[in-house]
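A quick write-up on the structure given underneath.
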Amino acid sequence: MTPFTYARAASAADAVRLGQAAASYLGGGTNLVDLMRENIAQPALLVDVSGLSQRIDLRPDGSLLIGAAVKNTALAEHAGVRAHFPLLTRAITAGASAQIRNMATVGGNIMQRTRCGYFYDREGARCNKRQPGQGCDAIDGFNRMHAILGASPACVATHPSDLCVALAALDAIVHLEGASGSRTLAFDDLHRLPGGRPDRDTTLLPGELITAVELPALPCASHAAYRKVRDRASYAFALVSVAAALAVRGGVVTELRLALGGVAHKPWRAWVAEAALRGRPASTAYFRAAAAAELAAARPLRDNAFKIDLVQRVLVATLGSLAASASASDAGAEAGVASITAAETAAETAVETAAGTAAGAQP
């Protein structure tokens, strides 16, 4: 391991002051420390930011503000999150192990790096993400886990986070602190596609620090699902995953959010599928057509063409399940309204009858 120095930041401003080109921010360390052990990450300075905000604030307007140092377990178990943003809980609990979730922070989860085996094989494989210009052995190698969307001739790695797929679907906003001050960034603009610079995972400026993540109030956020397909039931990265939030009224999709995991260099917001479904019937046929439209740009590799069909199946199944439960709730609500209306009518009739009787009894 390359020698390094360590400093603990007292605040976000202090962290930015300490941060420099050869420094890395340390949250829970569940990914960064592994990278340092493998000599893939070689920071001269570690700035510990685990003491920054660990607040989870559910605001009166329904939005949510999450401090970057919040532990994944704490976020998943928060009562307000489970009630209003259950997609976060489901995505977090689908990832890693309980021990890692207890250590990992929200900010660190967002900034974690790919788990491509060629990226980690420092001595035996070429990797443009690890060393630009070296080449990508995954393209002609074992690439079953790799990208089918948004890849480039320089890199076919995928982003590993489950939480990030949920954040992408929920229109998250990232709060940043840097040398030039504070700013916010739409989550979908945070991570990059590889292009010719796969070594750059994000659009963050040098030394910039994630301080919080904000989720706007979304009417459909409480009716959501996260489905993850993997090789084993726990502690495995996604072959594909789907984060979906859906609102249906009268059998028609009124609002939805969709994102895919395990398919691209970044959490993949399914904008095409969303546009194809909004205002359309919530039916299997339309779900299939939307999935096909989203995947029209897919470019599979030798070993991962199966992902195209797998994404379609998981997306259709997830939306179908949400639509069925939404329709049941809609029908229940309408039945409830009908019952209330009938009860109110009966009550009004009884009042009118009683009033008429009382009026007739007056001298």
Side-chain angles (χ1 to χ4, degrees), residues 76-77 81-95 148-149 161-172 215 217-234 236-264 267-295 298 306-336:
E77 292 180 349
V81 171
R82 294 171 70 90
H84 300 283
F85 296 93
L87 190 55
L88 295 182
T89 296
R90 290 166 183 161
I92 289 170
T93 54
I148 58 172
L149 291 167
S161 173
D162 293 292
L163 172 60
C164 284
V165 182
L167 293 175
L170 294 172
D171 295 338
L215 296 182
L218 291 175
C220 62
S222 60
H223 188 64
Y226 185 76
R227 289 198 179 184
K228 178 179 181 179
V229 179
R230 47 191 165 176
D231 286 327
R232 57 179 184 267
S234 65
F237 295 101
L239 287 168
V240 304
S241 64
V242 171
L246 181 71
V248 176
R249 186 70 176 173
V252 174
V253 175
T254 57
E255 196 55 77
L256 78 159
R257 299 292 190 277
L258 296 171
L260 307 176
V263 297
W268 187 267
R269 182 66 181 266
W271 297 106
V272 174
E274 286 184 19
L277 283 173
R278 197 170 280 112
R280 301 288 186 175
S283 69
T284 299
Y286 277 95
F287 296 157
R288 284 176 180 160
E294 186 65 51
L295 293 163
F306 72 92
K307 283 193 176 188
I308 296 177
D309 183 60
L310 186 58
V311 171
Q312 289 178 317
R313 289 173 179 271
V314 177
L315 183 57
V316 170
T318 304
L319 289 173
S321 177
L322 286 173
S325 59
S327 296
S329 298
D330 194 14
E334 290 178 357

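Quick caveat: nothing in here was measured; it's all calculated off a predicted structure.
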request  = Please answer whether the main-chain N or O of His84 pairs with a side-chain N or O of Ser222 as donor and acceptor at a distance below 3.5 Å.
outcome  = no
ask   = Once you round to the nearest 0.5 Å, how far does CZ of Phe237 lie from OG of Ser161?
value = 9.5 Å
inquiry  = Apply side chain to side chain contact (heavy atoms under 4.5 Å, CB included) to residues Tyr226 and Val165 and explain how you reach the verdict.
reply    = CA-CA 9 Å; Tyr226 185 76; Val165 182; 4.0 Å; yes
task = Nearest 0.5 Å please: distance from the OG atom of Ser325 over to the CG atom of Leu246.
result = 8.0 Å
inquiry  = I'd like to check the side-chain contact (heavy atoms from CB on, under 4.5 Å) partners of Ala221; sequence neighbours left out, ordered by chain and number.
reply    = Phe85, Leu170, Leu218
key: Among Arg227, Arg90, Lys228, salt bridge (Lys or Arg N to Asp or Glu O under 4.0 Å) partner for Asp162   = Lys228
key: Arg278 to Leu256 - nearest heavy-atom pair and separation   = NH2-O, 3.2 Å
key: Modelled atom types, side-chain donor and acceptor of Trp271 and Glu294, under 3.5 Å   = no
inquiry  = Rounded at 0.5 Å granularity, tell me how far CG in Leu260 sits from CG in Leu149.
reply    = 7.0 Å
task = Answer yes when Glu77 and Arg82 have at least one side-chain N-carboxylate O distance shorter than 4.0 Å, and no when they do not.
result = no
Distance-only donor-acceptor pairs under 3.5 Å for side chains of residues 310-322, two or more places apart:
{"from": "Arg313", "atom 1": "NE", "to": "Asp309", "atom 2": "OD2", "distance (Å)": "2.7"}
{"from": "Thr318", "atom 1": "OG1", "to": "Val314", "atom 2": "O", "distance (Å)": "2.7"}

key: Heavy-atom closest contact (Ala290 atom, Leu277 atom, distance)   = CB-CG, 3.5 Å
ask   = Hey, is the main chain of Val252 close enough, under 3.5 Å, to the side chain of Arg249 for a donor-acceptor pair?
value = no
task = Please lay out, stage by stage, how Ile148 and Leu295 fare under the test side chain to side chain contact (heavy atoms under 4.5 Å, CB included).
result = CA-CA 9 Å; Ile148 58 172; Leu295 293 163; 4.3 Å; yes
ask   = Is Arg230 reaching over with its side chain to a backbone N or O of Ala94, donor-acceptor style, under 3.5 angstrom?
value = yes
request  = Would you check if the side chain of Lys307 reaches a backbone N or O of Leu239 as a donor-acceptor pair within less than 3.5 Å?
outcome  = yes
key: Contact summary for Ala91 and Ala166, nearest pair of heavy atoms   = CB-CB, 3.8 Å
key: Val253 vs Arg280, side chain to side chain contact (heavy atoms under 4.5 Å, CB included): CA-CA, chis, key distance, verdict   = CA-CA 6 Å; Val253 175; Arg280 301 288 186 175; 5.6 Å; no
note = Residue set satisfying side-chain contact (heavy atoms from CB on, under 4.5 Å) with Ala289, at least two apart, ordered chain then number -> none
ask   = Which atom names give the shortest non-hydrogen contact between Leu87 and Ala225, and what distance separates them?
value = CD1-O, 3.1 Å
